[in-house]
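Working notes, beginning with the structure itself.
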Amino acid sequence: MSEQATKIFGIDLGTAYSSIAHVDEHGKAQVIPNSDNQRVTPSVVFFDEGEIVVGDVAKENSKLYPNEVVSFVKRAMGEADFAFEYNGESFRAEEISSYIIKKVVQDAEQALNEKITDIVITCPAYFGINEREATQKTGEIAGYNVRQIINEPTAAAIAYGATQSDDPRIVLVYDLGGGTFDITMIEILPDSIEVICTGGDHNLGGKDWDDRIVAHLAQEFQNITGTDMDILEDADTCQDLQIAAEKAKKILGQRTKTPVVITHGGERVKVELTREKFEELTESLVERTIAFTHEMLEKAKEKGYSIFDEIILVGGATRMPQISSRISKDFSVTPKIFDPDEAVAKGAAIYGSKLSLNDELIKRIAKKTNIEIKEDSGVVEQAKVIELTPKKIVDEAVQEVAQVTGYSLPAVEESMRAIKDVTSKSFGVVVKNVGKQEEVYNLIQKNSHVPIDVTKQFFTGAELQETVLIRIMENDVYDQVVPLNHATEIGTAVLTLPPGLPKESPVQIFFKMNVEGRLQITAMESTESRTVEAAIKTRSVVQGEQLEEAKERCQSLVVY
Amino acid sequence: MTQQNFFQLLNLSVDPPEEDAKIIKAAIKKKQTAWSRFRNHPTKGIQAKRFLDLIPEIRKVMLDPVLRKEEARKAKRQQHVKDELKASEIDRHLAIYFTKGRVTDDEIKKLQTLHSVEVETILRRVIQKEKELASIPSSVPGTAKNSGTLEEKLVAIDKSLGIQMRKGYITNEEISSLAETYSISQDEIINRTTYPVRENNNPTDIEPKTIDKTIEKVINRNLKLLEKSSLYEFLDLPVNSGLESLKNRAEKLRAKAIAAGQKNAIVTASAELAGHCSTIFKSEKTRTAYDVSKALADLDALNTDIAAAEMEGVIRAEYFEALHKTATELGMGADEACSYIEAYCLDKNWVLKSKQKRRRQVRLYATAAASVFIVIAGTILMFQMLKHNRLKNEYQSVLAHVKNQTQLEKKRDLLSAYLDTHDQGKFTDKAEKKFERIQIKIKKRNAIDKRDYEKALKQATGFHEEKAYEKAGVIYKKYLKNHPQGHHVDAFKQKIAVIPGLIDDRDFQNLTLISPQDFEKRITAYNTYLTNHPEGKYRDQTEKMISDMSRDYYRYIARKIKINEKEKNWEECIRLCDSYLTFYKESDRAVDIEGERYFFQKQLDNSQLLEGLMQMASRVGRNNVKARQVYLDYLSANPDSPIKYEVKREIAKLDKRRSKYR
């Protein structure tokens, strides 16, 4: 990359493993190995007397120091009340995750001998506003410029699309990671990648499979030794078994049985775990993923998409044979395991490269056409500009960018491919219906394409009403109207009304969601055009003084 | 859902209630840290998450003086209820010990360990129990089981049926016994259960299958969080619901839980349980395994009582009577209760001293004495005995014939003929009882047959409507397997006979629904039809359809090949060629396609070769000189390579790049 064009790296911040990738000079996405020459880094953080250790070493130390090690912290992202305590200090999930990001970035800087400033981070499609905001903050705490948060299945589809021909096809991305599950239908076209529908559960992942093995091993220990004692009460034994369980799960992907040794309280017990038993223990988890898939396909049908061409499996947990065989059975199609550990990071890197090249293109187009383009213009505005610019000028700009950056012409042209995503949640406001019951009216419905602007008019409920309380709600329901107890409040605003307004005076509410799934809300009363903007109450996410403290801590730390 | 009391959750003093805000905040912080540590624990994670979800509510209540006061009051009430529950459990065990009139020190120590309480607590209950026993009259008449409202009876019947399920089935005798005990018809009892019904208990039966203990614990953990006692309660459906209803309800609950939109422990637990319902209720076999596990778990309280009754490896006779009573109250029959307790003790190597055992010994001696008397009196009674023996032989001969019959109706007819030809007497009385029992069995069998037939017909009709004929066939065959002599065997055999034809019609119909433009799908579907229906009615038609589309398919393939060739997608070109040749190998155009395939294969080989070179070159990093050398070495070794021009082009690119950076 030239000095002018800023290189953007893609980071897959996973529940169990993380990785970082970039697009090299040949235009190919490559994962950058860490300092141990491994292409994935365990998302495990060890607090070692003032030092922070991330990765394999931290994982090994978890056996000896289980209370100083944090794993699977992504599951606590966006949870206000999760706090890991060490040496009298309290750490939120965002801060702990920032150490993971810092580690992968540091190692990449060392490998490539270049400074990294800008990153794109992925998150599960099924993350809500709180979790996305938390992921954004994670990158900021680590000290990097987070250019965008993109969905993991979209990133995987981008990586997949880059390796295949331009034949239009509809692909199901079945993404089963360490902690989350996403199922997404994506249409790959020559000039765009479009998400049609998404579903999933961010509390369902490979870790749950591991947990079933751990519970089984603890039970077998009781059966064999004749004791009633719960060996999982002991932190060391529990940690030991978790590592053994993950290892056993991976072995059972290749072999039909594996021995596991349990050591506790001077007793040593050997258990033989078969693949059959493992599949029996975890059958209900597979069922849940299949149920989500069927549900998503039903919704896709409603949007006019009743068939798909292929299913690709992404995420390390999809290596389990039971996944492929169950999908084949239910959907009569053999799924394709596509680069399960690296697809997401590579897709994020390709997207980052797209952002960077687009920036360069836009600069050159603006110069040639004398159009003023806002510095913070998003990918959609940029795409519109490119679409409206005469082809000759665009081609010239593309040539220039290719020359300056060293990327091939096709690589630069490829960066103009549009990426259209959907929102995985519905967003609305609390209203009162004709029966004076409170309910939620969804302005943005789940699986709507983003960005999206929606305006809806509501009316005041009383004579001489002085204020309107606007409660912004997030939910998982496709319907326009939803019971209140099915939604979570994520923001509020109070709109002050002019005096003397009659009952049923109109109030307009504007919902604007950008490509990252971030929401802006404005409300306006029609008489004097008074407006208010609603703040999304990301109480769950670190902010203000806490955020600044976390940033300072992270900057001063060396992460090993 | 019952809210956890926050004083108890935070381990704060209730009496007097903690008022210091600093201490309360410290306690919240301490628990927050502990629960955060357990957030991802394999078995305690979900409960830890539940508690973390409660923290905002905990802060709101515990830091507000008014709300905190009310919470302290609730804590005291809940503690009182908890203490009463504990007391009643202790009392249950004391009741066993008091059957001998007193409680020993060792027994008090045992209860202290079993219930994890202070010795004073046990002593208080002992004193209380002694007072109660002093005031209660010596015998308390029991209430007849067949009194009480119909609802109460049905609850008791369901409980008994649940206990019986630990064998994996119930017997006709147990159904009769329940019907008699509760004055309810046997049909009604059969309708209340979907459990398999057998003629008799078979002691040689293998232990019935249960669900895996780990899965059972996972299910129970989630049920406990939702305050439910079984998956049926979670689904809010009766125990005798059909599998389809259970699965549909599970799916609805799963969707409802996810729609709640909140990422909390309750939603996760509900989703997990819905997942378990899908696997547990996928077949009768897995459902039965769950029911057996549940039945065994319901006996936990009895097992705890037996354990409490054991002292130094021995269970006293008086204790056995108390345990026997508990077991029969749970729904076991008298003999069954005996066998269960004996088996449990045998498994644990405990000696069981039983009054029933002594009674059996006494009966043995009495029988011996009677035999001696009969021998002495036998001579006198010899003539009577000869007549008696003749009648007996005739009776036994009938019995042997009856036993040899497999059909109940034939057994009945034989007995009927015997009764018609013999005078009233001892053996005709027996024969009459046997006749009545067989009549009852026939009635029961017919009721079960009717139930299963109606159920099967309903299910199969549904499948017919969906055109899922294979599934309908399975239903019919299952009925035939379970009721080989059933009344509806012929009807179902006829239905089975027409199924292959229906499948043939359906599959051919589906072929006609495929879009004409979807050539690949059409050709694959036609071929699948021919494979699946080698003798199908529409075989000729299908072959004609394949033949008719030869030209269109060729045009389609040619078009696709052109596009892919332009894109240099050689693998796809090869696949398209293979696709055409599979069906039209003998056609005129096959030769052309074979030729093209050869060409594409060559192109693919070359491009893979070039790709390999480029990868090697990229592996040497950003050093253009080294990368260049890779290509040069290749050319030197392969001067006539088919990709030499492409390699030279790559070298030129590297040279250009080098010159740019100089």
Side-chain angles (χ1 to χ4, degrees), chain A residues 24-26 28 67 71-73 75-76 78-85 90 128 131 165-167 201-204 207 210-212 214-216 218-219 223 230 232 235 238 241-242 245 277 280-281 283-285 287-288 291-292 295 403 406 425-426 473-477 482 485-488, chain B residues 29-30 32-37 39-45 49 51-56 59 211-215 217-219 221 250-251 254-256 258-263 267-268 271-280 282 560 563-564 567 569 571-572 614 618 622 653 657 660-661:
Chain A
D24 67 14
E25 60 270 22
H26 303 291
K28 278 194 91 158
N67 292 327
S71 311
F72 311 111
V73 70
R75 278 217 162 152
E79 285 179 17
D81 297 303
F82 172 87
F84 176 77
E85 189 109 336
S90 209
E131 291 86 4
S165 71
D166 278 342
D167 272 355
D201 188 340
H202 47 208
N203 263 326
L204 178 60
K207 188 199 181 302
D210 296 347
D211 287 349
R212 292 283 168 96
V214 171
H216 173 71
Q219 180 64 47
N223 293 345
D230 180 5
L232 298 179
C238 185
L241 288 184
Q242 285 189 82
K277 176 53 85 177
E280 184 196 329
L281 291 169
E283 194 187 345
S284 66
L285 298 172
E287 270 306 318
R288 283 167 65 188
F292 276 117
E295 190 181 272
Q403 264 168 5
K425 307 278 181 190
S426 297
M473 310 296 280
E474 178 185 271
N475 62 84
D476 247 286
V477 185
V482 167
N485 62 356
H486 280 192
T488 311
Chain B
K29 189 152 193 268
K30 191 175 172 194
Q32 184 183 15
T33 303
W35 294 333
S36 295
R37 273 198 202 287
R39 170 73 178 78
N40 291 308
H41 189 277
T43 53
K44 301 185 196 312
K49 176 80 176 82
F51 293 153
L52 281 170
D53 292 340
L54 288 174
I55 284 181
R59 283 197 183 112
I211 61 173
D212 185 278
K213 201 78 187 149
T214 307
I215 297 175
K217 281 187 176 174
V218 170
I219 291 174
R221 244 193 324 270
E251 177 48 33
R254 186 200 68 84
K256 190 176 162 191
I258 298 302
Q262 284 134 20
K263 179 193 162 194
V267 167
T268 304
E272 276 215 29
L273 285 174
H276 284 296
C277 287
S278 299
T279 53
I280 299 272
K282 72 178 178 203
K560 296 277 286 194
I563 294 169
N564 283 287
E567 299 295 323
N569 191 350
E571 281 174 358
E572 180 62 10
M614 284 169 73
S618 71
R622 300 170 71 104
K653 267 190 207 168
R657 201 176 293 161
K660 193 168 58 182
Y661 285 118

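Keep in mind that the numbers below use all heavy atoms, side chains included, and drop hydrogens, waters and symmetry copies. So that the names make sense, note that chain A is the first sequence line, chain B the second, and so on, each numbered from 1.
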Revision key, fill the gap. When the 4.5 angstrom heavy-atom criterion is applied to A:Glu280 and chain B, the contacting part is both
Point to revise | With B:Arg254 via salt bridge (charged side-chain N to carboxylate O under 4.0 Å, His left out) - residues at least two apart | key: A:Glu295, B:Glu251
Revision key, fill the gap. Chain A shares the most heavy-atom pairs under 4.5 Å, among B:Met614, B:Lys560, B:Lys29, B:Gln32, with B:Gln32
**Study point:** Part of A:Ser426 within contact of chain B (heavy atom distance under 4.5 Å)
**Key:** neither
Point to revise | A:Asn223, part contacting chain B, at a heavy-atom distance under 4.5 Å | key: neither
Revision key, fill the gap. Note: vs chain B, highest number of non-hydrogen pairs under 4.5 angstrom among A:Leu281, A:Val482, A:Leu285 is A:Leu281
Exercise for review: Kindly check if the number of other-residue, nucleotide or ligand heavy atoms within 6.0 Å of NZ (B:Lys213) is above 12?
Suggested key: no
Exercise for review: Examine whether an atom of B:Lys653 lies under 4.5 Å from a heavy atom of chain A, and if so say whether it belongs to the side chain, the backbone or both; otherwise answer neither.
Suggested key: neither
Review point. Would you call A:Asp230 and B:Lys217 a salt bridge, taking side-chain N to carboxylate O under 4.0 Å as the test?
Key: no
Review point. Would you say B:His41's side chain and A:Leu232's backbone share a donor-acceptor pair under 3.5 angstrom?
Key: yes
Exercise for review: Heavy-atom pairs under 4.5 Å with chain B are the metric here; pick the option from A:Leu204, A:Asn67, A:Asp210 that has the most.
Suggested key: A:Asn67
Check your understanding: Can you name the side-chain hydrogen bond (donor to acceptor under 3.5 Å, both in side chains) partners of B:Glu572, sequence neighbours left out?
Key -> B:Arg575
Practice item. Spell out, as yes or no, whether a donor-acceptor pair under 3.5 Å connects the side chain of B:Arg39 to the backbone of A:Ala83. Key: no
